[in-house]
Each structure stands twice: as structure tokens, then as C-alpha cells.
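First comes the structure, then the notes that go with it.
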Amino acid sequence: MKARMQNSSSSALLKQEFLKKWINGLQTYTNTKKEMTILDRKNAIKLSADIAIASTRNFSTNWSRAVMADVSKNVDGSSKIVTEKILGRKETCIIKCSKNIMRKSRLLAHRKRAIRRTIGRTSVKAASAIAKELVKKRTRVLKRLVPGGKQMNEICLIKETLDYIASLQVQVDVMRNIANAADQCLDSTERSLL
Amino acid sequence: MLRFAQSPSSSSSSSVNNQMDLSVLDRKRAVLQRLYRNQLENEHLELHSLIDRQQQLVSSVTGVPNIPKPDWQCNSNLAGNVSCSSSPKKRKAEFFWLKLQFDVEEAGEEKSEITTTKTERENSANTCSKVSEVQKPDYIHVRARRGQATDSHSLAERARREKISKKMKCLQDLVPGCNKVTGKAGMLDEIINYVQSLQKQVEFLSMKLAHVNPRLDFSIDNIFAKDIPVYIANLPQFEASNSTCFQYNTMQQGTSSNCGADIAIDQSQMLSQKTGPTTEAFLDSSFISQLQQLSGWESDWPNLFN
């Protein structure tokens, strides 16, 4: 029980931090005068949410660095502004360094994979082999899902998924609460009009 | 009894000293490789000697059924430079001796030679691998658990597997519905489904928020209508924000806005009456005021009224 209480308090702090950063990021869009389509708005919301939740980890985890590297890859003016707003000038330099690191690790992983493929493949159809195949398939799928998962070994992958799932839960929680509240507000204003 | 008592301690120590194990294991691996090479050479010598002995025995067995045992014992002593516990070796030697007798009686002499040499080689390898770890003085002594190999490779693998299973247990707590499934594949499946569902939820919620908020303004006051004292304290701001919200609404619906103070007050009353489903622990009044300071909404108000 105590652990759960501690967990809830720490997650509350995390949620506050995420919400602050997210709204901070969204402010960059309020100053633009142009009309945004609903898709643009959705992308903006999602982008700032992703950057916010990744930055709550302070780049200690692999997946957060991968998220930032992906974001900075899309040389979009707005995304750069958003990252700067949320993180500050210093940490955008960190993102550039992390991009290089990711690129190098990707090359290494390619070479390793090539070597592994040249070492022969046996096709023994024992029950244990089938089970292993299943596990391998699913780890491959998981690697695709978790950002930056392609260059990780199994142990790191499981650690990263742990962290990623926790952060996703925080993100979904906060977004759902805000969406519900906004919905309520909308309903009440609509009712008042009628 | 002794072995069983030591096994839990070995498991705990292995889990605690996982980091140490790996560097230790590297050293052990190099050492054991050297050892294996030495042993192979020794084994060759052994085998040669054994084959010689066997040939002698075979030649002499046809006449004499029972050959005195001491011959085998000196053989085992020859091989004893590797193994410290000669008792398993003796037992093996006895077994070979019996087998040889039996085979010779069946008069399949050459076959027996080959089989005995093969089995001898396998068994000696086994005994060497099992025994050598305890034998050599300056290497790390690892007490293997009952019925498990003491190979350095298998030790490293076992350490790795324990790490993975520990992490999977943590994941079991985090992912709902993972308790019923056992085994890696099933749990991985659940984890994949959960991550996919979370990502889809994020997409859906961002779409919903984009739909609700046409101008991407999240003004905190009108969204969180639970903290009444906050609203009473910030009433002018609240009125302004309500009217802006009202404006956005009208922009959505395309009607002209008639925002007056009385409408704003009505709205505030309605909002305060409407009670939300859950109390959000992370949204207390202090936090909201913090957010207001952070976002500087006050500066935006004049722009919104254009």
C-alpha cells in the first residue's frame, strides 16, 4: 500500500510536469494568426504532447532520446520552435548530439545484423524451437513499437518498454482528463445557448 | 543435504552479484578454454594408453577370463592428474572393465574396443568438465546448483535469463491482465497489445482535443470548473475567459456573439453547479495559479477580444 501511495504521489508530480510542458508547447501555436485545419491542430497537439512526455525523462532513457531525434529530423520550423520552447536552448544542442549517436548506433546495428545473418540458419522444428520463434517474432514487433527500439538488445528493450508504458499511461491520463473537462465546458456552454 | 542447502545461497549471490559475475565469467571463460585445450591433449594421451591396454587385455582375455583389477587402477591413476576425485573415475573404469569383459565374451572384439573408447572419451570429458572447476586452485569456485551445468557459457546465460525474468515480472505488474498469462510469448503479446492501445488512445484524444478547441487555447479557468474559490477570486478573469470560450463556440457554430456580463455570470453558475466525475489529484488550486503565471494568460486577453 505504501508503495502505491508513493507511486501515486510521484505520478501526480509527473503529470503536473507533463501538463506544464505541454501547455507551454501549445502556446507557440496560439500566436500564429493563420487558420489551422483540424488535422494540423491534432498534429500540433500530439507533437507537443510527445515532446513534453519525452522531456520529463530528462533524456535518461533511450526511447526519449529516440523521440527527440525523430522530431528534430523533420526539419519543420514549428517543431523546432516547440522543442525550444519546452526544453530551452541548452537541450536542443543535446538533441543534435543524440541524433549523431543514434545514427552511429544504427550503423553498428546494421553491421551486427549482417554478420548474424551470414552465420547459418537451422530449421529444426522442435516444440522449443517453435516457442523461440514466437518469442523472437513478438520481440521484433515490440522493437518496432517502442521508439528507438531497433538498436537495443533484449534486456534493454524490456527496460525501455517498462519506462515507455509508464510514460504513456501518464500522457493518456492527463490528456483524457483535459479532454473530458473541455467536453464538459463545451456541453455547458452549448446548453446555455439553447 | 549440503548441496541443497547451498543452492539458495548460490542463487541469491548470483542475483546480487550479477555485474561481478560477468567480468568474473570472462576470466573464467579464458581460463577454461586453456584448460580444455590442455585436457584434450591429456585425453589423447590417456586414450592412447587405454587403447594399448585394451589391446593387451583383448589379446590375453581369450585365454584368461578374469584379469586382475589393478591394471585398470593404474590406468585411472594415469588419468588422475586431471581429476581429483578418483572415485567416479574408478567407477567408470569398473564399468568399462565389465563392459569389456562382456563384449569380449560375445566375441565382438574390435567393436567393443571402439565403443569403449568412445564412451570413455565422452565420460572423461564429462567428468573433466564437472570436476575441473573445483580442482584448479587460483580460479573462482562456483557452486553449481543441483543438476545444472557449471559451464561458463551456461552461467552467463543463466544470469542473463534471470535478469530478463526479473524485468518481465515488473512488466507484469504494470500491464493489466498480464497475471493470467504465463510464459514469455504470451506476456509479450499482452504487452504489445497494451502499447498499441495506449498509442491509439493518444491519437484519438489529440483528435478530440483538436475538435473541441478550434484555436488551441487551453484556458485553464473555464476547463476546470471544480475549484470554486479560485473562480471567485479570479472572477473578472473568469468572466473574460468564459466570454472568450463563448466566442469560440460561436465561431464554431457561426452565430453572432452576444456576450454580456449577465450571460457570463449565468455560465459561471452553471459551471459551478456541474460537478465533475473525479477529483483530479494533480489539479489543485496552487497548481492552476502556477500555470496561469507560467503561461501568462493575462497578456493574451486583450488579443482575444478583437
Side-chain angles (χ1 to χ4, degrees), chain A residues 8-9 11-16 19-20 23-24 26-27 29-30 36 38-46 49-50 131 134-135 138-139 141-142 145-146 154-155 158-159 161-162 164-166 168-169 171-172 174-193, chain B residues 160 163-164 167-168 170-171 174-175 183-185 188-189 191-192 194-196 198-199 201-203 205-218 220 222-225 242 245-246 249-250 253 255 263 266-267 270-271 274 276-278 280-283 287 290-291 294-296 300:
Chain A
S8 62
S9 61
S11 69
L13 281 170
L14 209 68
K15 287 180 189 174
Q16 285 186 9
L19 186 61
K20 266 192 218 176
I23 290 185
N24 218 348
L26 281 173
Q27 275 193 297
Y29 294 101
T30 59
M36 297 175 80
I38 193 162
L39 273 174
D40 286 337
R41 266 180 276 146
K42 171 224 169 197
N43 289 332
I45 291 171
K46 188 160 184 286
D50 286 339
L134 260 181
V135 168
R138 289 182 184 161
T139 42
V141 174
L142 191 62
L145 280 179
V146 176
E154 257 197 44
I155 299 173
I158 294 180
K159 232 197 280 182
T161 44
L162 255 175
Y164 186 56
I165 286 177
L168 271 180
Q169 281 176 340
Q171 197 180 1
V172 165
V174 170
M175 288 177 84
R176 197 186 297 142
N177 282 324
I178 290 200
N180 286 338
D183 236 4
Q184 282 177 18
C185 171
L186 202 66
D187 285 343
S188 62
T189 49
E190 274 178 359
R191 244 174 257 168
S192 66
L193 275 176
Chain B
R160 181 179 156 271
K163 255 198 225 174
I164 288 182
K167 300 268 165 63
M168 297 287 264
C170 293
L171 268 172
L174 205 61
V175 176
K184 253 198 210 174
L188 277 172
D189 204 26
I191 291 164
I192 287 170
Y194 190 57
V195 168
Q196 277 175 338
L198 282 174
Q199 286 176 340
Q201 274 185 0
V202 167
E203 290 263 347
L205 284 168
S206 56
M207 190 63 158
K208 188 172 173 186
L209 281 167
H211 176 74
V212 158
N213 244 308
R215 288 248 269 152
L216 282 183
D217 293 17
F218 288 90
I220 308 298
N222 60 357
I223 287 177
F224 305 116
N242 257 326
C245 176
F246 186 72
N249 238 342
T250 55
Q253 296 164 4
T255 57
I263 299 174
D266 286 340
Q267 281 180 3
M270 286 204 60
L271 282 166
K274 192 156 191 170
T278 53
E280 290 130 0
F282 62 100
L283 297 168
F287 179 55
Q290 262 183 41
L291 266 178
L294 199 148
S295 46
D300 284 342

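Here the structure is a predicted model, which is why all the values come from computation and not from measurement. Within every chain, numbering begins at 1; the chains are lettered A, B, ... in the order of the sequence lines, protein sequences first and strands thereafter.
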Check whether more than 12 heavy atoms from other residues, nucleotides or ligands sit under 6.0 Å from atom NZ of A:Lys159, and answer yes or no. no
Heavy-atom closest pair (B:Leu198 atom, A:Ile165 atom, distance to 0.1 Å) is CD1-O, 4.2 Å
Evaluate the side-chain proximity of B:Gln201 to A:Met175: yes if any heavy-atom separation is below 4.5 Å, no if none is. no
Hey, does B:Glu203 have a side-chain heavy atom less than 4.5 Å from the side chain of A:Lys42? yes
Taken in chain and number order and not counting sequence neighbours, the residues that satisfy side-chain contact (heavy atoms from CB on, under 4.5 Å) with B:Gln199 are A:Leu145, A:Tyr164, A:Leu168, B:Val195
Listed by chain and number, what are the side-chain contact (heavy atoms from CB on, under 4.5 Å) partners of B:Asp189, not counting sequence neighbours? A:Arg138, B:Asn193
Calculate, to the nearest 0.5 Å, the distance between atoms CE and CD1 belonging to B:Met207 and A:Ile38 respectively. 5.0 Å
Give, for atom NE2 of B:His211 and atom CZ of A:Arg41, the distance between the pair rounded to the nearest 0.5 Å. 9.0 Å
Interatomic spacing from CG in B:Leu205 to CD1 in A:Ile178 - rounded to 0.5 Å: 10.5 Å
Given that the side chain runs from C-beta out, which part of A:Ala49 has a heavy atom under 4.5 Å from chain B: side chain, backbone, both or neither? neither
Interface check, chain B: of A:Leu134, A:Leu162, A:Asp183, most non-hydrogen pairs under 4.5 Å belong to A:Leu162
Between B:Lys208 and chain A, with a heavy-atom cut-off of 4.5 Å, which part of the residue counts as in contact: side chain, backbone, both or neither? side chain
Quick one: does B:Leu188's side chain get under 4.5 Å of A:Val141's, heavy atoms only? no
To the nearest 0.5 Å, how far apart are NZ in B:Lys163 and CD1 in A:Ile158? 11.5 Å
